[in-house]
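Everything below concerns the one structure shown next.
What you see is a predicted model; the values in this text were computed from it and never measured. Quick note: residue numbers are just sequence positions, from 1.
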Amino acid sequence: MKITDVDVWVVNLPLVNPFTSSFETKTGETRTVVRVRTDTGVEGWGETMWGRPVAAIVRRMIPDLIGTSPFAVESFHRRQHMIPFFYGYLGYAAIAAVDVACWDAMGKATGQSVTDLLGGPVRDEVPITALITRADAPGATGADLPKAMAEHAVRVVAEGGFEAVKLKGTRDCRGDVAVLRAVREALPDLNLRVDPNAAWSVPDSVRAGIALEELDLEYLEDPCAGIEGMSQVKAKVRIPLCTNMCVVRFEEFAPAMRLNAVDVIHGDVYKWGGIAATKALAAHCETFGLGMNLHSGGELGIATAAHLAVVASTPVLSRAIDSMYYLHADDIIEPLHLENGRLRVPSGPGLGVTVDEEKLLHYAAVNERDGDLTG
């Protein structure tokens, strides 16, 4: 079986509500979608972070892909090893798009799910995290904000059945502490997390971290920037520290271990450059006694299915994963169903999802009209 063609689209899809973090407010998501076609008629689908710059890198890879086997993913990664060096995150994302499409094709060609190809399931449902932001309490300010955010969190948990809640933090660490106190009082038994995306200084991270110790947070994610900064915070705060920002390549794993900077690492098929890389990260975390979870970069259905396959086949990924999937107003596949805060792992061949090509073309036309969404 050989690859005969590769198609690339960039799509814009709306979110149900604006999503605010410490550095942006998003009203929708731009994603790159890839299809590999083979001489046997088997097709594989991939989807990755960001839009036109990533799509351009994927298109550069196409001549190298034609005539190769979708099963030859190790050789593909070796040939493309300089792409991340030149393009950073964009390069990893582009490689991951092709990587996932090849795994989907492998599964379809063999009649096996990607989960089975990765070693078989250790779970068939994956809990996801309820994500809350200050945009969820429009008009609430000052002393009214924590109460409004707590009331919103209670509604979200009641409606979705979530077992974990994550606050996207802001530059206002004192305000975030007040919000978390209100949420913890309203939801005493749920796993609770906060992620300011490195918006706090080291002194503010220490101060806020000490104030949050009584709330029994599952972890504090990226309160400040850098391995060195995280190490200083970890030395003074008893809450486990998680990162999706200071350990994002294997080159950063050893320095983080030497400085005792983190307790939990967020993987991501699309930021780390593919499925095998994410599984390798899981092995590193288990070897060094770290926890692991998955980051969400706004995955639609194809990408979410790939994340579910990884979680389903990886014992260390036992926490409720981050996923913005339920926040999208539409999808380019028949939507995955969220029930009791969990997504069921697709069991069909490959990723187990079917692309709605009419919707794909519709949302590609939206991107053609509006360009990539930047916030």
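What you find for Pro138 and Ala135 is that their closest heavy atoms are CD-O, 3.5 Å. Of all the heavy atoms in Pro146 and Ala178, the pair that sits closest is CB-O, 3.6 Å. Taking both residues in full, the closest heavy atoms of Ala97 and Val58 are given as CB-CG2, 4.4 Å, listed atom of the first, atom of the second, then distance. Heavy-atom minimum distance, Gly51 versus Thr30: CA-CG2, 3.5 Å. Closest heavy-atom contact between Ile83 and Gly91: CG2-CA, 3.5 Å. The shortest non-hydrogen separation linking Leu336 to Pro346 is CD2-CG, 4.0 Å.
Ring pair Phe250/His284 is tilted by interplanar angle, where 30° to 60° counts as tilted. Ring geometry for Tyr326 versus Phe162: interplanar angle of 30 to 60°, hence tilted.
The closest donor-acceptor contact from the side chain of Glu213 to the backbone of Arg238 lies under 3.5 Å. Looking only at distances, no side-chain donor or acceptor of Glu163 sits under 3.5 Å from a matching main-chain atom of Pro127. Judged by distance alone, with hydrogens and angles left aside, the side-chain atoms of Asp330 form no donor-acceptor pair with the main-chain N or O of Pro14 at under 3.5 Å. Asp195 places no side-chain N or O within donor-acceptor distance of the main-chain N or O of Lys168, the cut-off being under 3.5 Å. With Asn197 contributing its side chain and Ala199 its backbone, the two residues share no donor-acceptor pair below 3.5 Å. Distance alone, capped at 3.5 Å, places no donor-acceptor pair between the Gln80 side chain and the Phe76 backbone. Of the possible donor and acceptor atoms, one in the side chain of Lys271 sits under 3.5 Å from a partner among the backbone N and O of Asn244. One N or O on the side chain of Asp104 and one on the backbone of Leu351 form a donor-acceptor pair closer than 3.5 Å. Using modelled atom types, no side-chain atom of Arg35 and backbone atom of Trp45 make a donor-acceptor pair closer than 3.5 Å. Of the possible polar contacts, one joining the Thr129 side chain to the Ala320 backbone as a donor-acceptor pair under 3.5 Å is found.
The same ILVMFWY cluster, assembled from side-chain heavy atoms under 4.5 Å apart, contains both Tyr89 and Val247. The hydrophobic cluster containing Leu259 does not contain Val262, counting ILVMFWY residues as joined when their side-chain heavy atoms lie under 4.5 angstrom apart, directly or transitively. Connection of Val36 to Phe71 is established within a shared hydrophobic cluster, with ILVMFWY side chains joined at heavy-atom distances below 4.5 Å, either directly or through further cluster members. Criterion: ILVMFWY side-chain heavy atoms under 4.5 Å apart, direct or through other members. Under it, Val10 and Tyr87 are not part of a common hydrophobic cluster. Hydrophobic clustering (side-chain heavy atoms under 4.5 Å, transitive across Ile, Leu, Val, Met, Phe, Trp, Tyr) keeps Val264 apart from Leu167.
In this structure, Tyr325 has its ring center at least 6.0 angstrom away from the ring center of His307. Separation of the His295 and Tyr270 ring centroids does not fall under the 6.0 Å cut-off.
For Lys279, the NZ atom is densely surrounded, since the number of other residues' heavy atoms within 6.0 Å is greater than 12. Within a 6.0 Å sphere centred on CD of Glu334, other residues, nucleotides and ligands contribute 12 heavy atoms or fewer. Residue Arg52 qualifies as enclosed at atom CZ: its count of foreign heavy atoms under 6.0 Å is above 12. Within a 6.0 Å sphere centred on CZ of Arg79, other residues, nucleotides and ligands contribute more than 12 heavy atoms. Residue Glu251 qualifies as enclosed at atom CD: its count of foreign heavy atoms under 6.0 Å is above 12.
Residue Asp136 holds its CG atom at 8.0 Å from OG1 of Thr20, rounded to the nearest 0.5 Å. For the atom pair CG (Leu294) and CG (Asp322), the distance works out to 8.5 Å, reported to the nearest 0.5 Å. Note: Asp331 CG to Tyr363 OH = 9.0 Å, rounded to the nearest 0.5 Å. Atom CG in Leu212 sits 5.0 Å away from atom CD1 in Ile239 (nearest 0.5 Å). Rounded to the nearest 0.5 Å, atoms CG (Asp176) and CH2 (Trp200) are 5.5 Å apart. The distance from atom CG of Leu13 to atom CD of Glu29, rounded to the nearest 0.5 Å, is 9.0 Å.
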Val154 and Leu187: CA distance, side-chain angles, deciding distance, side-chain contact (heavy atoms from CB on, under 4.5 Å) verdict: CA-CA 7 Å; Val154 169; Leu187 297 167; 4.1 Å; yes
Verdict with reasoning, Glu221 to Asn293, per side-chain contact (heavy atoms from CB on, under 4.5 Å): CA-CA 11 Å; Glu221 182 180 344; Asn293 207 345; over 6 Å; no
Intermediate values then yes/no, side-chain hydrogen bond (donor to acceptor under 3.5 Å, both in side chains), Ser323 and Ser296: CA-CA 5 Å; Ser323 175; Ser296 177; 4.9 Å; no
Check against side-chain hydrogen bond (donor to acceptor under 3.5 Å, both in side chains), Asp372 and Asn367: CA-CA 6 Å; Asp372 290 358; Asn367 178 270; 2.9 Å; yes
Evaluation steps, side-chain contact (heavy atoms from CB on, under 4.5 Å), between Ile128 and Leu343: CA-CA 7 Å; Ile128 68 172; Leu343 291 171; 4.0 Å; yes
CA sep, side-chain torsions, deciding dist, call: Glu252, Ile227, side-chain contact (heavy atoms from CB on, under 4.5 Å): CA-CA 8 Å; Glu252 293 157 345; Ile227 292 173; 4.2 Å; yes
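Contact check for Val233 versus Val202: side-chain heavy atoms found under the 4.5 Å cut-off. Between Asp356 and Ile332, every side-chain heavy-atom pair lies at or beyond the 4.5 Å cut-off. Using a 4.5 Å cut-off on side-chain heavy atoms (C-beta onward), Ile95 and Met61 make contact. Side-chain contact check for Val54 versus Met49: every heavy-atom pair is 4.5 Å or farther apart. For the pair Leu290 and Phe253, the minimum side-chain heavy-atom distance is below 4.5 Å. In this structure the side chain of Cys224 reaches within 4.5 angstrom of the side chain of Met230, judged on heavy atoms. Thr243 is not listed as a side-chain neighbour of His266, based on a closest heavy-atom distance of 4.5 Å or more. Taking 4.5 Å as the limit, some side-chain heavy atom of Leu15 sits within range of a side-chain heavy atom of His328.
Checked for salt-bridge contact, Asp124 and Arg342 miss the test: no charged N lies under 4.0 Å from a carboxylate O. Taking the charged nitrogens against the carboxylate oxygens, Arg184 and Asp216 have no contact shorter than 4.0 Å, which rules out a salt bridge. Taking a cutoff of 4.0 Å between a charged side-chain nitrogen and a carboxylate oxygen, Arg181 and Glu185 do not qualify as a salt bridge.
Among Val114, Val73, Leu117, the single residue meeting the side chain to side chain contact (heavy atoms under 4.5 Å, CB included) criterion with Ile275 is Val114.
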